[in-house]
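Note sheet for the following structure.
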Amino acid sequence: MELHQDVVMANHILFQEGVLDGFGHVSGRDPATPGQFIISRSLAPAQVSLDDLVTLDLEGHEIDGSGSHLYLERFIHAAIYQERSDVYGIVHSHSPAVLPFTISKSQRFAAVTHMAGFIGRCTAVYDAAVFEGCDCDMLVRNLKMGQDLAASLGRQALVLMRGHGITVVGRDVRQAVFRAVYAEQNAKVQMTAITMGEYTALTEGEAALADETNSGQVDRAWNLWAGRTRQRP
Ligand SMILES: [Zn+2]
């Protein structure tokens with residue numbers, strides 16, 4: 001039940017912190033049942049409650065077959081969980097400050113602050129057109145597209161999706177949320193630095209060490225954000 005509560009809270013936090021709006025989704029899986037994951041039925045994140053959660057298998061099918069209206073892009077989650085046995089939480093968002101970095105041909109998204117060390121020198125970019133070979137609506141609509149995305153992600157913590165958004169992974173739901181929030185913040189800082197001229201990003205070594213340190217601080221931020229959602233009228 002704790003996982004279910006975290007998935008609900010994750011939806012509310014990500015809406016509150018400006019990472020999700022009416023779209024995007026978050027999932028988590030329990031190490032005891034790695035062949036399935038928990039996610040909301042198709043719903044705006046701020047409206048998700050415990051009753052809205054469904055359990056899907058790693059092909060994106062609802063376990064109990066009860067016919068819930070599911071997110072079209074649930075295959076993002078299914079395919080990444082298939083590929084990454086170390087991942088137990090995933091956020092897919094259209095993180096507004098990150099979006100320009102999904103389309104820029106001159107600027108690469110990179111960790112520029114220590115809170116976003118997990119970004120490193122972000123090299124993972126998924127371009128649906130490369131895999132589909134023709135015009136598509138940019139959505140990850142089936143398992144094959146999800147697997148292409150997972151391949152683009154590789155061993156990294158996030159993958160940019162051209163003209164679409166970002167998918168962030170973590171060792172659990174809370175770390176995935178932490179990273180999704182700080183990816184958005186990092187994008188704002190990096191964009192401001194770009195307008196000022198030249199700037200210095202973290203080295204790969206700095207980024208890795210910062211990520212290691214931050215991994216022990218996730219609950220501190222989570223508890224703050226969770227407290228804020230409870231105060232919301
Ligand atoms: Zn999307």
Side-chain angles (χ1 to χ4, degrees), residues 7-8 10-29 37-48 52-54 56 58-62 68-84 87 89-104 109 119 122 124-154 156-170 173 176-188:
V7 171
V8 171
N11 275 277
H12 294 201
I13 288 173
L14 290 165
F15 170 70
Q16 173 183 266
E17 299 302 318
V19 175
L20 300 181
D21 50 14
F23 298 91
H25 19 85
V26 49
S27 71
R29 69 170 163 177
F37 63 97
I38 309 293
I39 194 168
S40 170
R41 67 184 173 89
S42 184
L43 202 63
Q47 297 183 313
V48 171
D52 299 308
L53 300 184
V54 293
L56 307 187
L58 300 194
E59 293 193 337
H61 301 123
E62 196 172 6
S68 304
H69 183 208
L70 303 175
Y71 288 124
L72 274 175
E73 294 194 293
R74 59 192 180 278
F75 304 103
I76 291 172
H77 304 258
I80 291 174
Y81 286 131
Q82 273 184 7
E83 276 305 305
R84 291 280 299 269
V87 168
I90 300 174
V91 176
H92 167 62
S93 78
H94 307 153
S95 204
V98 178
L99 278 173
F101 293 97
T102 74
I103 55 173
S104 176
F109 195 37
I119 296 171
C122 179
V125 182
Y126 167 77
D127 186 341
V130 168
F131 293 101
E132 294 306 298
C134 60
D135 289 341
C136 67
D137 68 2
M138 313 297 279
L139 301 183
V140 179
R141 290 183 160 271
N142 55 53
L143 192 60
K144 191 249 171 208
M145 294 179 83
Q147 287 165 339
D148 293 337
L149 175 75
S152 301
L153 170 69
Q156 299 197 38
L158 73 158
V159 55
L160 302 185
M161 303 161 75
R162 179 181 66 82
H164 179 169
I166 176 175
T167 296
V168 185
V169 305
V173 174
V177 167
F178 182 93
R179 288 174 165 180
V181 171
Y182 281 106
E184 171 73 9
Q185 284 195 13
N186 187 87
K188 289 176 182 165

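Ligands are counted one by one from 1 in listed order, and the atoms in each one are counted from 1 as well. In this text, all values refer to a predicted model and were calculated from it rather than measured experimentally.
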Q47: partners by side-chain contact (heavy atoms from CB on, under 4.5 Å), with sequence neighbours left out:
L43, A44

By side-chain contact (heavy atoms from CB on, under 4.5 Å), which residues pair with A187, not counting sequence neighbours?
A97, V98, F101, F109

Measure the shortest side-chain to side-chain distance between V169 and L158 over non-hydrogen atoms and say whether it is less than 4.5 angstrom.
no

Aromatic ring pairing H77/Y81, orientation class (parallel under 30°, perpendicular over 60°, tilted between):
tilted

Less than 2.8 Å from the Zn ion (ligand 1) is the window; count the protein N, O or S atoms in it.
4

Just to verify, what does A129 make a side-chain contact (heavy atoms from CB on, under 4.5 Å) with, not counting sequence neighbours?
D127, R162

Give a yes or no answer on whether the side chain of H164 reaches the backbone of M138 with a donor-acceptor pair at less than 3.5 Å.
yes

